[in-house]
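Residues take their numbers from the sequence shown, with the count starting at 1. All ligand and atom numbering here is 1-based and tracks the order in the structure.
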Amino acid sequence: MKAVRLHELGGPEKLVIEEVPKPAPAPGEILVRIKRAALNRRDVFITQGLYPGIELPKTLGSDACGEIAELGDGVRGPAVGTPVIIDPTIGWGPNRRVWQRDVTILGLPREGTFAQYVAVPAENVHAKPAALSDDEAAAIPLAGLTAYRAAFTRGKLTKDDLVLITGIGGGVQTFVLLFAKHAGARTIVTSSSDEKLERAKALGADAAINYKTDAEWHKQLRKVGEPTLVIDSAGGETLGRALDAAAYGARIVIYGGTAGNATVRPYSIFWKQLDIMGTSMGSPQDFEEMVALFGAGMRPVVDRVYPLEHIAEAAERVNVNAQFGKVVLAVA
Ligand SMILES: NC(=O)c1ccc[n+]([C@@H]2O[C@H](COP(=O)([O-])OP(=O)(O)OC[C@H]3O[C@@H](n4cnc5c(N)ncnc54)[C@H](OP(=O)(O)O)[C@@H]3O)[C@@H](O)[C@H]2O)c1
């Protein structure tokens, strides 16, 4: 089968298409024929050597939409040909509050979805929401799951919140915006791009601030209101400023650190009695609840669809933050 392989570190241009043996499903696994895959920042970080536990060569990719090709021993249904998506969290464990230590994410160390076939544990295979196109369905697993858990399971998002969403161009953050609007909350988004801010407003963002052209963006933010819930994956200077701008008693949910380590003022945290929470991926229950939202009329934001052969170009688009929403790969 065709697969995108990474043999050496050095950025997205090191991703190459190769012929590799089609995997066979082990007992308890399902083989999925992939139609569409989608990129995450994680894939780019791996090519750059910026991710723990890198093993090469590897087929990257955590997201996929496709159909069931073969059932491993001991797996009863769904039938071959059923349209499916894949939950990329492998082995969350029994505790919804936190994943177990030996959890992994599809696409490292396990061979991933930038290929014509992938074998995964049967419990990770879910029905594709019928209302979504293949492109849309491939866009939701990793980013939708992370956003759902950040917003609802950890952040306890309700209609009464004013939610600060930093860096709205990010794949995960566009889902946070969709979920916040669905819940009826008000939202403030930031971005390095005025064009992305306009797109976010069209999706329902109530206020939009450019953090690149306005170095004092956090002061603009205060004019709009004090966020009661902050969802951030930038870290860096952004996190400290967001903490300073947050309301008394606000919840702060962090799932990434794209802009590097953060320096924060303890005063903002203790005086305003902030709750700072970390989150990663999501439990099987989070995944099911997230997918249900997409069965009820919500649609993810797809940025662009590239043929699998254009993987390096697609990954570079994510690398330079040009995307708004999810970058999808057409495999079949
Ligand atoms: N813990 C987990 O389970 C988990 C899951 C998914 C992602 N992550 C992490 O979360 C981060 C985002 O992932 P993703 O896949 O959504 O990435 P992505 O689609 O590549 O989005 C990155 C976005 O971050 C924003 N950004 C970059 N620097 C910023 C800054 N200084 N201030 C504010 N925003 C900034 C940019 O938004 P604009 O273009 O609007 O400026 C950019 O588009 C990555 O670090 C990723 O590793 C973690």
Worksheet item: T279: heavy atom below 4.0 Å from ligand 1, yes or no?
Response: yes
Discussion item. For ligand 1, which is the ligand I care about here, please tell me if S192 has any N or O atom under 3.5 Å from one of the ligand's N or O atoms.
Written reply: yes
Fill in: Short N-O contact, E111 and R5, less than 4.0 angstrom
yes
Discussion item. Taking a cutoff of less than 4.0 Å between a non-hydrogen atom of the residue and any ligand atom, is R42 in contact with ligand 1?
Written reply: no
Discussion item. Tell me whether ligand 1 is touched by Q323 - counting only heavy atoms on the residue side and a distance under 4.0 Å.
Written reply: yes
Discussion item. Here's a test for you: under salt bridge (charged side-chain N to carboxylate O under 4.0 Å, His left out), which of R251, R186, K181 qualifies with D161?
Written reply: R251
Worksheet item: Considering residues at least two apart in sequence or located in another chain, which fulfil the ring pair (Phe, Tyr, Trp, His ring centres under 6.0 Å) criterion with F287?
Response: H126
Worksheet item: So which heavy atom in the protein is nearest atom 26 (N) of ligand 1, and how far is it from that ligand atom?
Response: Y211 OH, 3.5 Å
Discussion item. Minimum distance, heavy atoms only, to atom 6 (C) of ligand 1: which one of N40, T174, L142 is it?
Written reply: L142
Worksheet entry | Residue part near ligand 1, for R41, under 4.0 Å between non-hydrogen atoms | both
Fill in: Lys/Arg N to Asp/Glu carboxylate O, E289 vs R96, below 4.0 Å
yes
Worksheet item: Of the protein's non-hydrogen atoms, which lies at the shortest distance from atom 23 (C) of ligand 1, and what is that distance?
Response: G170 CA, 3.7 Å
Discussion item. G171 versus ligand 1: do any nitrogen or oxygen atoms come within less than 3.5 Å of each other?
Written reply: yes
